[in-house]
Structure formats: structure tokens, C-alpha cells
Amino acid sequence: MSKCYWLIKSEPDVFSIDDLKKAKNQSTAWDGVRNYQARNFMRDEMQIGDQVFFYHSNATPPGIAGIAEVASEPYPDPSQFNSGSKYFDASSPQDNPRWVLRDFKYVRHLKRFISLDELKQHEALADMRLLARGNRLSIMPVDKAHWQYILKLER
DNA sequence: GCCAACGTTGGC
DNA sequence: GCCAACGTTGGC
């Protein structure tokens with residue numbers, strides 16, 4: 001399977017790209033995904049080494065802050081079994097975990113932050129999934145053409 | 001804080 | 001299987 005590109009959302013007040021950079025091994029387990037579509041992308045389609053836009057949601061302004069990469073195979077999200085976690089899922093079987101995650105590793109900040117507002121102004125990006133009406137997916141694929149276009153924008 | 005959009009749940 | 005109710009996301 002050829003290399004894919006992705007976008008993951010995080011609220012910077014909770015976990016920003018600076019937090020990822022400061023994390024142990026500059027990587028983190030991406031826990032708490034509780035959406036089947038996002039899980040399936042992470043479980044079935046990502047490949048170690050895939051490049052990922054790190055998007056700041058619920059931010060002022062929202063936008064793409066940097067780049068990370070897929071750093072592990074999928075494995076069960078431990079928070080689903082932790083009754084003290086807000087991600088606890090009592091109905092997930094221990095022997096067949098419903099929720100999986102991967103580790104993501106810091107690659108770099110973009111040379112400059114590229115806001116959602118700026119992305120919306122480019123016709124070439126008009127069909128980006130991120131910009132689709134009502135989009136709420138926290139993990140989504142990015143077309144190679146869109147990826148390359150955005151990397152040119154940062155200059 | 002508001003609210004539109006969307007996914008999930010559960011009664012029927 | 002339908003769909004109303006509900007909870008969450010996330011831009012504004």
C-alpha cells in the first residue's frame with residue numbers, strides 16, 4: 001500500500017503540538033478516539049511512517065500547527081478499561097477491545113501556523129475533507145495533492 | 001456561550 | 001428497521 005497522509009485534531013488547551021514535542025520520546029499514545037470511522041482509519045489504514053498534519057481544533061484560531069508521523073502499530077487503548085477515565089467503555093470486551101490507538105511522534109512545527117480561515121481561501125483545497133460542511137471527524141485522510149499544496153503555503 | 005451538524009442509543 | 005432524543009464536536 002502506498003504512503004498515505006492524514007490529519008489529526010487536538011484541542012491545544014488539552015494537548016498541543018508543543019506538548020507532543022515535549023513528550024517523552026516526542027511521541028504519545030493517541031487515546032480517547034471513540035468514533036468508529038476514525039478508529040478504522042487508525043486501525044486499518046495507517047502505516048508506520050505516514051505523515052500527519054497536527055491540527056489545533058477549538059483554538060483561536062483553529063488551524064494546522066505542525067507535522068507528526070505514525071509511530072506504532074495499532075494496539076488496544078488502555079483508557080477503555082480504566083473505570084476512572086472519561087474514556088472508559090464498560091461494554092468493550094477485555095478479550096476483544098473495541099478501541100485501538102497508535103503512537104504519534106513529533107516531526108516538526110510548520111514554518112508558520114496555517115489557519116482554517118486561510119485554508120478556506122484556496123480553491124485548490126475546496127474539496128478537502130477538513131473543510132466539508134459539518135465535518136467532525138478527528139482523524140481523516142488527506143489527499144496527496146492537498147498535502148503538497150499546504151506544504152507550499154507554509155513558505 | 002451558542003448552536004448546527006452529526007453519531008449513537010434505545011424504544012417501539 | 002425507523003426515528004426521536006440525546007450527547008458531542010467544533011467554529012464562531
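For the numbers below, each heavy atom of this structure counts, side chains included, while hydrogens, waters and symmetry mates do not. Residue numbering restarts at 1 for every chain, and letters A, B, ... go by the order of the sequence lines.
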Can you name the side chain to side chain donor-acceptor pair (under 3.5 Å) partners of S91(A), sequence neighbours left out? D89(A), R98(A)

Does anything in residues 134-155 of chain A form a ring pair (Phe, Tyr, Trp, His ring centres under 6.0 Å)? List the pairs, not counting sequence neighbours. Y5(A)-W147(A), F53(A)-W147(A), H122(A)-Y149(A)

Side chain to side chain donor-acceptor pair (under 3.5 Å) with D13(A): which residues, sequence neighbours excluded? none

Please list, chain by chain and in numerical order, all residues satisfying ring pair (Phe, Tyr, Trp, His ring centres under 6.0 Å) with F81(A), sequence neighbours excluded. none

Check every strand shown and say whether K86(A) touches a base, only sugar-phosphate, or nothing at a heavy-atom separation below 4.0 Å. nothing

Starting at the 5' end of nucleotides 1-11 of chain B, put B wherever the base has a protein heavy atom under 4.0 Å, S where only the sugar-phosphate does, and a dash everywhere else. ----BBSS---

Hydrophobic cluster partners of Y36(A) (side-chain heavy atoms under 4.5 Å): W99(A)

